[in-house]
Each structure stands twice: as structure tokens, then as C-alpha cells.
Amino acid sequence: MKTALAFDSKKYGRLLVQTLPSTIKTDEEHERLLKIVEQLIEREEEELSPEEGSLLDLLATLIERYETERYPRPASLPHELLQHLMEARGLRQRDLLVIFGSRGLTSEVVNGKRQISKAQTKKLAAFFHVSADLFL
């Protein structure tokens, strides 16, 4: 069994002084911190000290925040999410007939030609075991 190593605040402070992490505002700063993360990741997890592990967590959080703000993912349309859920579960349009009632309506909704009604949203959420908000 692996024994827990004590966290050394002074050692962590020295790592912070060397790294100087802060909110990322430029692509250059993003690249600089990414290089440090890559160096830490290249080492085996068992080789990282608790202080290095904390630094890695901090840098990953800063990088994730920057990337989320700098490169936001476009919101998916409800029918695109429906298509993704169907694909992930290996379903076909005919499997959704219990929700939509007809092949034509099912096809129109799945292909984005018709919006999903509130009643259909609730049925889809229950069917796929997801939040109804995904289809709004």
C-alpha cells in the first residue's frame, strides 16, 4: 500500500515562484503553462510529489478556463443532440416511433425540419435518461 506523503507548503511555494501561474490572458502565456503541464504529465504519477500534483491541478484549471473562454464550443441544436444520442446508443429512427408516433414526424424532427414539442421533449428525456433541457 502506498503511503501518503506530507504536503510541504514551502516546497509548493517555491514551485509557484518558479512557475508564476496566474489567470491566462494571452496565447503566449497559455503556451508557456502548457509546456510546464506537459513536462509534469510526462512523468509517472507516482513520481510527482504532492506539491507537483497540486501545481498540475492548478495549471490544468487555469488552462481549461482560458480555453473555454477563448474557444467556446458552439451550442448544439436539439436535433443534433438527438442524432448524437441515437448514434451513441445504436438507435434508428424507427426506435423513436414510440415517442413521435409516425415515421414522417420522426424523420422531420431527427433531421431538424420540425422543432421538438414540449411533450416530445419530456418523452425524449425519459427515453434517453437525460435532462429535458438538452432538447430546448
Side-chain angles (χ1 to χ4, degrees):
M1 185 174 164
K2 190 174 166 182
T3 59
L5 299 175
F7 187 86
D8 184 340
S9 297
K10 289 182 181 181
K11 184 176 179 183
Y12 183 62
R14 287 191 297 272
L15 285 172
L16 291 174
V17 168
Q18 289 172 349
T19 309
L20 294 174
S22 65
T23 303
I24 303 171
K25 293 182 175 56
T26 65
D27 287 340
E28 292 78 20
E29 182 67 4
H30 176 251
E31 285 297 319
R32 184 182 76 80
L33 295 180
L34 269 178
K35 286 179 184 173
I36 295 169
V37 166
E38 288 170 0
Q39 291 170 354
L40 290 169
I41 289 176
E42 285 178 4
R43 296 173 47 202
E44 294 294 323
E45 188 175 339
E46 298 82 32
E47 293 178 17
L48 291 179
S49 68
E51 300 80 15
E52 291 169 325
S54 290
L55 178 63
L56 179 59
D57 288 343
L58 173 63
L59 296 179
T61 300
L62 292 171
I63 290 167
E64 181 180 3
R65 179 177 169 198
Y66 176 78
E67 290 175 352
T68 300
E69 291 173 1
R70 181 90 159 102
Y71 309 106
R73 292 185 59 202
S76 297
L77 298 172
H79 77 278
E80 293 172 337
L81 289 169
L82 177 57
Q83 290 171 354
H84 173 74
L85 288 169
M86 289 172 62
E87 182 180 327
R89 289 173 172 80
L91 300 175
R92 295 183 172 197
Q93 288 185 18
R94 68 175 173 242
D95 299 316
L96 301 180
L97 286 176
V98 295
I99 295 169
F100 298 107
S102 75
R103 282 191 235 172
L105 181 58
T106 302
S107 177
E108 288 177 355
V109 171
V110 169
N111 293 305
K113 294 179 181 174
R114 183 182 287 236
Q115 289 188 341
I116 301 172
S117 72
K118 287 183 182 181
Q120 293 164 346
T121 295
K122 290 177 185 178
K123 289 179 183 178
L124 286 168
F127 183 83
F128 286 106
H129 305 286
V130 295
S131 169
D133 292 341
L134 287 176
F135 302 106
L136 298 177

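- Between Glu38 and Lys35 there is no salt bridge, since no side-chain N of the basic residue sits under 4.0 Å from a carboxylate O of the acidic one.
- Within a 6.0 Å radius of CZ in Arg92, no more than 12 heavy atoms belonging to other residues, nucleotides or ligands are found.
- For Arg94, the CZ atom counts as loosely surrounded, since its 6.0 Å shell holds 12 or fewer non-hydrogen atoms of other residues, nucleotides or ligands.
- Two different hydrophobic clusters hold Leu59 and Leu20 under the rule that ILVMFWY side chains link at heavy-atom gaps under 4.5 Å.
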- Derivation of the side chain to side chain contact (heavy atoms under 4.5 Å, CB included) call for Ile116 and His79: CA-CA 8 Å; Ile116 301 172; His79 77 278; 5.5 Å; no
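- Within a 6.0 Å sphere centred on CZ of Arg65, heavy atoms belonging to other residues, nucleotides or ligands number 12 at most.
- Placement of Leu16 and Val37 within a single hydrophobic cluster is found when ILVMFWY residues are connected by side-chain heavy-atom separations under 4.5 Å, directly or transitively.
- Of all the heavy atoms in Leu62 and Ser22, the pair that sits closest is CD1-O, 3.6 Å.
- Without hydrogens or angle criteria, Arg89 side chain to Phe128 main chain gives a donor-acceptor distance under 3.5 Å.
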- Task: Give the intermediate values and the outcome of side chain to side chain contact (heavy atoms under 4.5 Å, CB included) for residues His30 and Arg70.
- Result: CA-CA 11 Å; His30 176 251; Arg70 181 90 159 102; over 6 Å; no
- Item | Residues Leu82, Leu96; criterion side chain to side chain contact (heavy atoms under 4.5 Å, CB included); working and verdict | CA-CA 10 Å; Leu82 177 57; Leu96 301 180; 4.0 Å; yes
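- Atom CD of Glu80 has more than 12 heavy atoms from other residues, nucleotides or ligands within 6.0 Å.
- Heavy-atom minimum distance, Ala125 versus Ser131: CB-C, 4.1 Å.
- A continuous path of hydrophobic side-chain contacts links Ile41 to Ile63 [ILVMFWY only; heavy atoms under 4.5 Å].
- Residues Leu124 and Val98 fall within the same hydrophobic cluster, defined by Ile, Leu, Val, Met, Phe, Trp and Tyr side chains chained together at heavy-atom separations under 4.5 Å.
- Within a 6.0 Å sphere centred on CD of Glu47, other residues, nucleotides and ligands contribute more than 12 heavy atoms.
- Both Val130 and Phe127 belong to a single network of hydrophobic side chains, linked directly or stepwise wherever heavy atoms of I, L, V, M, F, W or Y lie under 4.5 Å apart.
- Contact of the Thr19 side chain with the Leu33 side chain is registered, since non-hydrogen atoms from C-beta on lie closer than 4.5 Å.
- Annotation for Glu67: atom CD counts as buried by contact number, over 12 foreign heavy atoms lying within 6.0 Å.
- The backbone N or O of Arg114 lies less than 3.5 Å from no partner atom in the side chain of Glu108, so there is not a single donor-acceptor pair.
- Between Phe7 and Tyr12, the two ring planes are tilted [angle within 30° to 60°].
- Considering only heavy atoms from C-beta on, Val110 comes within 4.5 Å of Gln83 through its side chain.
- You'll find the side chain of Gln93 reaches within 4.5 Å of the side chain of Asn111, heavy atoms only.
- One distance of note links NZ of Lys122 with CD1 of Ile99; it measures 14.5 Å at 0.5 Å rounding.
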- Query: side chain to side chain contact (heavy atoms under 4.5 Å, CB included) between Leu97 and Arg103: does it pass, once the steps are laid out?
  - Reply: CA-CA 7 Å; Leu97 286 176; Arg103 282 191 235 172; 3.9 Å; yes
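- Using modelled atom types, one side-chain atom of Gln120 and one backbone atom of Ser117 make a donor-acceptor pair closer than 3.5 Å.
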